[in-house]
Amino acid sequence: MTAPLDISPASCTQRPILRERGQREVFCGLTGIVWLHRKMQDAFFLIVGSRTCAHLMQSAAGVMIFAEPRFATAIIEERDLAGMADANEELDKTVKRLLARRPDIKLLFLVGSCPSEVIKLDLSRAAARLSKAYAPKVRILNYSGSGIETTFTQGEDACLASMVPELPAEASPEPSLLVVGALADVVEDQFKRLFEQLGIDRVRFFPSGSADDLPAVGPNTRFLLAQPFLGDTARLLEGRGAKRLPALFPLGVEGTAGFFKAAADAWNIDADKFDSVIEMPRARAEKALERYRDALAGKSIFFFPDSQLEVPLARFLSREIGMTLTEVGTPYLHMEHLDRELTLMPDGVRLSEGQDVDKQLDRCRAERPDISVCGLGLANPLEAEGLTTKWAIELVFTPIQGFEQAGDLAELFARPMNRRMRLAV
Amino acid sequence: MQLAVWTYEGPPHVGAMRVATAMKDVHYVLHAPQGDTYADLLFTMIERRDARPPVTYTTFQARDLGADTADIFKRAARDAYDRFQPKAMFVGASCTAELIQDDPGGLAKALALPVPVVPLELPSYTRKENWGAAETFYQLIRALADRNAEKLSQKTDRPSCNLLGPTALGFRHRDDVKEISNLLFHLGVEINVIAPMNAKAADIARIPAADFNVVLYPEIADTAARWLEREFKQPFTKTVPIGVGATRDFIKEVSDLAGIDAPDIEDAGNMGWWSRSIDSTYLTGKRVFIFGDATHAVAAARVASEELAFEVVGLGCYNREFARDLRAAAKRYDVEPLITDDYLVVEDAIAKAQPELVLGTQMERHIAKRLGIPCAVISAPVHVHDFPARYAPQMGFEGANVLFDTWVHPLVMGLEEHLLHMFRDDFEFNDEAGASHLGGHGAASKEPPTVEADPETGPEADNVIRWEPAAEKELKKIPFFVRGKARRNTENYAAERQIQLISVDTLYDAKAHYGR
Ligand code: SF4
Ligand code: SF4
């Protein structure tokens, strides 16, 4: 699939961007369920899809989840397609079976897939119909995680976006802060403490751990995006009157400081107070980073598109660790949300959006970076060619945000290099 | 619609990928959305292959639908040909592309590529992975088998066969091929072609030159072998050489097909003697539950029953295509055949049977772990640690040795079993700790979860058999690996006699009734 090289200027940064439309090698949005179902403990994700979708989930999640997971697939069969069985009736039956088996479920997501979209199975109507039947015990929402609409982390965006209309209206006239994007519990707790110390006490996280306890939203809500892939969610929150606080993403010392500074400024917290609050964790983080700088500074890195975290990660690795960026590929560049990140990117880096995997592999092989960040399908083949890799998916499944995790984040990149140095086989 | 938590098989195009990836110089152009590229990781991560599968995905998006998905396919196919220069190509659709009906076969034909193009029609909404692999292999052979293959092969005067069925991502296929190749070499049978594993398109053309076919994996090669039998009068083997007895039968069958005298096999490996040696006495009558693909499950049942003297208490498979073989085997062991691809049904069946050992797939490993029952893996689907670095075939005499080791290893060892009986209250040497040679890693004692009440019918409060606390306590003194059996026997005994409350006496009455 050759498309002409499309190098177009990016409006805000005036930086050329390589846009490619060839084979992508990225998961679809269904994969977001792997972490979302752990985060939202009383929610269940029912994919309405094919055997492929079910197989993707189990391959991506690894069957190493011992407990029965809070997700499943309603596999569309021939009879559903041939109209022998009314697909809606079938779906109702499946939901009934599921809810009988799992009486603990309070929030059920019907998750659309490519097949359900192509056959135009209307899951929003199904969700409305089923919601009525199971109210008030179970709330039923829907979103699409299909590969024709979403890549990997966009699934979280679609999921959160489907919840925005459900959020209660903020009753209080006091300003409140909403941190948007799934974070590890340990990161949430650290953030909560820092906001408290800054004097911002009306802070909520979205998604929250429980469906009964959704954060309120309204015109006095200010929100910070903790993840760079939440375009639709942000738009809908703005539709509810909330205002986004433009900020860096909380990766690395600079990113985390910028993230908190945006909130501090919105709450008119004076600079001294701000500095005194973040002084300790910041110093700790800097110390932690110090350890990895030797191993990583001056080394080159190549990002294959995967989680949309690529731009803030690249910013962190180049500015705080001193790595050299070759190509930073991302499935989708959200110019507005990445605005601040992009202005901090060094010159000379090649930004690419979309993918044509074979050509990108050619570029990677030609450049022979010291480390390549890529998906699970590419990692071993590149290693076998003598290139060191880091699995992108680990960056999504590991707590990497915030001051206390800055060192861990750097370590994730240092470990593969360290390993290669130690190995004599 | 089928509600699935885990699936035993992927979609049929994954089966096609297993064939393409096993081969040397073919390429598969798959009309599919981007998420379907996950399938690459099965090969690069689980099997640790060092190269990407030879698959190009078109990764069309919603905005392409109705506009130019066919065009995207054509471009992808031509680019893939130009870049990879395969000697043959597969083209086909995944579940989503099947719905948009772009006809990859027709589109590829219009490109007039200079190599054979094999169109694959793999119905995703009715068929599954093994079927997809079988169909792909069959279509490939149909398309490439050369009617004048004799000329392509260097003929020796020794009888020759093909080894059919090993693919990428197969459970121990790599080692089985090596083991059976050695065996055939010792028998004096030439191997003409091994396929699809490591075969080139040109090798497929030579398949008809052999005298007969060895079908290693019926799930994958049966369709092709039947066709070859019809078209080229090539008979094929029906015995799958898993276990000592089956390997001997296989040698006999091969010798007959090859027209040679079956040799006396003296050195048949260690399995037989290991099993006859008195240390193995404790294995007698161990209750084993077996589940996997039909071929491996049926073979495992024979080994368990004849070569380890286990008692088969459950036997099942997930692939309906081979249900007939499994039913026949289940009859031999007098158990109800379990034919299902619903993981939850299998879990229920295992919990009910309360076996002392589970032989299954990676799914059953998880079930067994949850129920605290020892387990060994005998069949796909498998996980990364089922691709060992060492040589560990399942087939042939060495394979039988491997079976002995891997099935016996998770069990509590003979003398240790007695000691657990005698000193059951030792604070560190007790069944909560699991088998000593497994460290903390083996299956430790765990009560099976109380079977959940069926939400539709509610608990059947009337017919419930209850245990007196004292009886329950006495039951706990029985080591974990027989406790399940004791519980079940006692409850059956009580049910038959309409005893509603089990006392210590009922427990021992039942013990006397059933024996150990
Ligand atoms: S890309 Fe589409 S068909 Fe494939 S797994 Fe994702 S949702 Fe299912
Ligand atoms: S016992 Fe070892 S090999 Fe088996 S599942 Fe556990 S970790 Fe894996």
Side-chain angles (χ1 to χ4, degrees), chain A residues 1-2 22-31 48 50-56 58-60 62-64 66 68-69 71-78 80-81 85 87 90-91 93-94 97-98 100-101 103 114-115 117-119 146-149 151 358 375-381 383-384, chain B residues 1-7 9-11 13-14 32-46 48-53 56-65 72 75-76 79 83 94-96 99-100 123-126 128-129 344 362-363 366 369-370 381 383 452 455-456:
Chain A
M1 311 214 315
T2 355
Q23 177 183 322
R24 287 168 170 253
E25 182 88 17
V26 189
F27 289 151
C28 59
L30 294 184
T31 339
V48 183
S50 63
R51 181 166 300 282
T52 316
C53 308
H55 201 231
L56 158 96
Q58 107 178 25
S59 310
V63 183
M64 277 311 191
F66 287 103
E68 188 177 321
F71 61 79
T73 309
I75 297 182
I76 299 171
E77 294 172 301
E78 186 72 12
D80 305 305
L81 297 176
E90 283 287 307
L91 181 59
K93 261 192 258 166
T94 309
R97 214 185 128 195
L98 175 70
R101 215 187 131 74
C114 305
E117 272 172 35
V118 171
I119 64 170
S146 84
I148 53 177
E149 297 274 8
T151 76
D358 287 312
L376 296 173
L378 299 178
N380 268 336
E383 292 279 351
Chain B
M1 270 175 210
Q2 185 200 356
L3 185 62
V5 183
W6 304 119
T7 65
E9 291 184 74
H13 70 258
V14 168
Q34 63 182 334
D36 292 9
T37 60
Y38 81 88
D40 283 358
L41 80 85
L42 303 171
F43 300 92
T44 63
M45 296 299 293
I46 296 178
R48 298 182 217 248
R49 293 186 89 89
D50 60 3
R52 294 170 65 213
T56 294
Y57 306 79
T58 58
T59 63
F60 58 86
Q61 295 178 287
R63 61 172 183 224
D64 305 318
L65 290 179
I72 290 176
R75 244 183 298 142
D79 285 357
R83 178 177 280 268
S94 76
C95 53
T96 308
L99 296 171
I100 60 178
S124 307
Y125 297 92
T126 48
K128 289 179 276 191
E129 180 177 336
L344 299 172
Q362 63 164 334
M363 314 292 182
H366 292 293
K369 193 149 190 160
R370 278 170 60 166
H383 209 60
E452 267 179 63
E456 310 260 303

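Bear in mind the structure is a predicted one, so any value in this text is a computation, not a measurement. Lettering of chains follows the sequences in order, A, B, ..., and the numbering in each one begins at 1.
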Quick one: of [options], who has the most non-hydrogen atom pairs under 4.5 Å with chain B?
options: A384(A), C28(A), C114(A); result: C114(A)
options: T31(A), I76(A), L30(A), L378(A); result: I76(A)
options: V26(A), V48(A), V118(A); result: V26(A)

* Asked: Do you know which of H13(B), Q61(B), K128(B), Q2(B) has the most heavy-atom pairs with chain A at a distance under 4.5 angstrom?
  -> Q2(B)

* **Largest heavy-atom contact set with chain A, pairs under 4.5 Å, which of L65(B), D50(B), D64(B)** => D50(B)

* To do: Step by step, work out the side chain to side chain contact (heavy atoms under 4.5 Å, CB included) result for N380(A) and R49(B).
  => CA-CA 7 Å; N380(A) 268 336; R49(B) 293 186 89 89; over 6 Å; no

Could you pull out the closest heavy-atom pair between [X] and [Y], with the gap in Å?
X: C95(B); Y: P115(A); result: SG-CG, 4.1 Å
X: I148(A); Y: F60(B); result: CG2-O, 3.7 Å
X: G377(A); Y: T44(B); result: O-CG2, 3.3 Å
X: P381(A); Y: R52(B); result: CG-N, 3.6 Å

* Asked: Given M363(B) and Q58(A), is the side chain to side chain contact (heavy atoms under 4.5 Å, CB included) satisfied, shown in steps?
  -> CA-CA 11 Å; M363(B) 314 292 182; Q58(A) 107 178 25; 3.2 Å; yes

Within-4.5 Å side-chain heavy-atom neighbours: [X] and [Y]:
X: W6(B); Y: P69(A); value: yes
X: S124(B); Y: S50(A); value: no
X: L42(B); Y: H55(A); value: yes
X: T52(A); Y: Y38(B); value: yes

Structural part of [X] lying under 4.5 Å from a heavy atom of chain A:
X: T7(B); value: both
X: L344(B); value: side chain
X: A4(B); value: both

* **Chi angles and distances behind the side chain to side chain contact (heavy atoms under 4.5 Å, CB included) call for R51(A), E129(B)** => CA-CA 10 Å; R51(A) 181 166 300 282; E129(B) 180 177 336; over 6 Å; no

* Looking at T37(B), L41(B), T59(B), which one forms a side chain to side chain contact (heavy atoms under 4.5 Å, CB included) with E25(A)? -> T37(B)

* Residue L91(A) versus chain B: region with a heavy atom under 4.5 Å -> both

* Taking the side chain from Q34(B) and the backbone from G147(A), do they hold a donor-acceptor pair closer than 3.5 Å? -> yes

* Looking only at atom types and distance, does a side-chain atom of E78(A) sit under 3.5 Å from a main-chain N or O of Y125(B), one as donor and one as acceptor? -> no

* Run the numbers on Q23(A) and D79(B) for side chain to side chain contact (heavy atoms under 4.5 Å, CB included), then give the verdict. => CA-CA 11 Å; Q23(A) 177 183 322; D79(B) 285 357; over 6 Å; no

* Rounded distance (nearest 0.5 Å) linking atom CG of L376(A) with atom CE of M45(B) -> 5.0 Å

